[in-house]
Every structure is written in C-alpha cells, then in structure tokens.
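Each remark here refers to the structure printed beneath this line.
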Amino acid sequence: MASNVILKVEDIHKRYGREEVLRGVSFSLFKGETKVIIGPSGTGKSTLLRCINRLTPPDRGRVWLDGVEVSHPKTNINKIRAAIGFVFQDFNLFTHLNALDNVRLGLLKIKRLDKKKATEIAMMELERVGLAEKAKAYPAELSGGQQQRVSIARALAMDPKVILFDEPTSALDPELIGEVLEVMTDLARAGMTMVVVSHEMGFARSVADEIIFMEGGVIVEQGSPEQLFTNPRQKRTGEFLRKITELYGEAS
Amino acid sequence: MIVFRGLPGLFQASLLNIALLFGLIGLGFVVGIPIALFQVYGNRLLGGVASAWEWFFRGVPELVLLFLFFFGSAQLGLKISAFVAATLALGFRSSAYQSQIFRGAIQAIPKGQMMAAHSIGLSRWQAIRYIILPQALRLAIPPWSNEFSSVIKDTTLAYAIGVNEITRYARFITERHYRLAMAVYLVVALIFLLFTYLGNRLLGTLEHALRVPGFEAKAARAAGEHG
C-alpha cells in the first residue's frame, strides 16, 4: 500500500434481505484528496459510507484507515470512528445540547481533554464554520444550514484523518445549500481528506480530485471531473451526468 | 373537636406514606431504567429477563405482592419489617410500570442520535449515558408524573400488612369514634390531594428547569412517528 494512501476500501459487499446493495466496491483515497461519489439514489452510496466506519457492518470486504484494518475484529472500532468524521444528511446534532456542547462532547468524553482546552478547540472549529456567535444556540434554534455547519465543526473537532459526507445538502432548502458547500470547499482547499456523496455537480466539478460514478452497487467509472464530464468512458456515466445536470443545473 | 385532636396524628402518619412513596418510587426508578435499557438494547437473555420481570410485577395484584413480600418472606425466614416489605413490593411493581415509560421515551429518540454518537467514537454505553438518557428522561417527565400520582395513592395499601400509615391511623380513630368516619376520611382525602398537587407542581418545575429550546416539539414529532 502506498504510504500516502489514507483510506483503502476493498471489495465491500452488503445485502439487505434479498437485495444486494453493494456488490464489491473498492477504492483508495490519498491524503488531502477529495473524492465525490455520485450516482442514482438507491445505488448504495450512503451504505458504502456507513460500511467504511461500520455504522453499518459490511457482509464482506475490508477497510484500512492509515494502515490500520478497520474491519479487523480486534480493532477498537470506537477509536477508529473517532478518527473518521461523519456528516449526516439530516445533521443529527444532539438535540439536548447547544452548538458548543455538540462540538465539545467528543473532546471531553473521547479525547478526555480538560474543559478549558476542549472549549478552546470547539470555539475554534465553530469559528471556522462561521458560527462562533451561535455557540449557545440549541439545534432547534438554528437553520438547517447552520445545523449542518455545526455538525461539520463537530466532525472537525476530533481532528479526523478523513471526513465522510453523506449527502450533506440533500435535506436543505435550496437557499441554504451554498453556505454548507462553501465550508466544504474551504476544507477541501485547506487539504482535508474527504469522501462526499452528493448530487451537487457544481461542487463535484470544481472541488473533487476524482469523481466516482456508482450504479447498481458497483463503481461504473471513476476519474477526474474533467474526464467524466467531457469524455466519459462509459455510456451510462454520460447519460447520468446529462440527466442530473438538467435536474440540478450546472451551478457555481 | 376530636377530628382536630386527631389531626397531628394523621399528619404524622402521613409522613410514613411520604417515606414509603420516596422509597418505592426511587427503587422503581433505579430498577426501571435498567429494565428499559435491557428491553431496548439488551441481548435475548437480558431482554427476556427484563420482560419476565415486567410481566410478573405488572400482572400480580398489589395486595398479593404485599402479602408475598411480607408473609411470604417471613416464611422463608427473612425478617423484614412491614415497611421494607411494602417498599420492595410496591417499588418493584412501580419499576415495571416505570420501565415502560422509559422504554417508550428511549424508543422515541430518533435513530440518528445513536448513529451520530457512534460516529464521533462514543461506545454504546457512553451514547446511552450522554445522549440517549438525557433526552429520554426529559421526554419521560410528563408520563412519569402520572406514575407519581398513581403510586402516592398506592402507599395506603401498606395498611394491609400493618404499616402505620395514614389510612391505618384514620381507621384507628374511626374505630373509637365511628361518627367521625366521614370527617376523618375527608381529611385523609384532602391530605392526598395536597400531596398530589405539590408533587405535580414540583415535577412541572423540574420539567421547566430542564427544558431545552425546541426539544419538546421535535421529540413529540418523533414520538408521533413511532406511535
């Protein structure tokens, strides 16, 4: 394995009842790389992300994070998860905690930092997503876009090796999508390693180092945005990109 | 006049009802939480034990439980006072009911909360402790108030095994002065109305103090989806 490969996913299979949603997916992610996974809904993209940090255990296949086998039965999965940020489609902020406590919880309970240090880091991350002044606000008092930015800050606070984004803007009103994509773009530019499942073609095109097109539980094609958008090798990739661009627009 | 002379005694006897109330509802809480957690998160064995516990203590009449714990334990050579027997019998019974309140509240918490907790590296137990229970217990306060109002009245059942609580004391007065029955039992009724009122006020204050903006509405919606 090349030394700068931070995440390696090998032959992931997952079946729900009769339906095999993942039928052998493999890819590698380099340090600092942003990969965007696109594809029709129900094609296993979200399941794939959850199989990486075992929120959903895969039926078969292996995952390595920075040389440690995530899928090994003896691996401390909680420790691994702390090093993998996860941003959910519907934010999943802890509803009984304010923004600061949402971001600070992992620092206090997992990293066991003292309160002063944890608060300092949490405030820095809230600042980074532009929400320092909302530190005392509860999730219900924040807009969807703000909640998603807090959830990104929550992931960042743990200083993860990679962040997985599961359709981070799909649950947002159109006018709130921009602020979240902006934060994600900044992160990518700052060298964060990210896997993003998204329908935002503008984001994919301008930010992704590589795009993975998935359909029917397998990777159909992967390559640079330039190549996929202008010269896809698979007919199906071109069809999908045309359709999704019609639907969501070219954007930014 | 005799009613007034009897008042201090009645009030004093009612303190035993209060003591029994705290004992049984505290025991019910301490036991009810793990029962609920076993039912929701436990493996088959723990879940089965919890369900059997709930089935038993919800299915057997209170008086039978009281007799089992007092007379039954005496037969086994265990020397426990009537008060302790009443606390255990009614406390375990309450634990069965409380467990159902907590189970419902735990199940009303959206699945995403546990997933998000796992995603930052919290173990199952840490997630329950820091995320699930703080939310579930807030949700549980209104139904728990019902349980409170119900068990406070159940404390009078301890009469049957000879605990010197308020009903027994009232009976003690009326056996000597049977014309006072109406007056004495009305006083007893008033004392309970007062206790229930104060208790619910206290719980209302607690609910308000623990209020998280927007949480109730969101949680109620989530509960609605399940129900």
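Note that these values count all heavy atoms, side chains included, but never hydrogens, waters or copies made by symmetry. Below, chains carry the letters A, B, ... as their sequence lines are ordered, and counting in each starts from 1.
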Region of B/Arg124 in contact with chain A, defined by heavy-atom distances below 4.5 Å | neither
Structural part of B/Gln113 lying under 4.5 Å from a heavy atom of chain A = both
Select one option (side chain, backbone, both, neither) describing which atoms of [X] are under 4.5 Å from chain B's heavy atoms.
{"X": "A/Arg50", "result": "side chain"}
{"X": "A/Ile110", "result": "side chain"}
{"X": "A/Phe94", "result": "both"}
{"X": "A/Lys109", "result": "both"}

With no hydrogens and no angle check, do the side chains of B/Glu147 and B/Ser149 hold a donor and an acceptor under 3.5 Å apart?
-> no
Can you tell me if A/Asp166 and A/Gln89 form a side-chain donor-acceptor pair at under 3.5 Å?
-> no
What class does the angle between the rings of B/Phe69 and B/Phe57 fall in, given that below 30° is parallel, 30 to 60° is tilted and above 60° is perpendicular?
-> tilted
Salt bridge flag under 4.0 Å for residues A/Asp114 and A/Lys117 = no
Just how far is it from atom CG of A/Leu142 to atom CG of A/Asn102, taken to the nearest 0.5 Å?
-> 9.0 Å
If you tally heavy-atom pairs under 4.5 Å between each of A/Lys79, A/Arg54, A/Arg154 and chain B, the highest tally belongs to A/Arg154
With a distance cut-off below 6.0 Å to the six-membered ring centre and an angular limit of 45° from the axis, does B/Arg58 pair with B/Tyr97 as a cation-pi contact?
-> yes
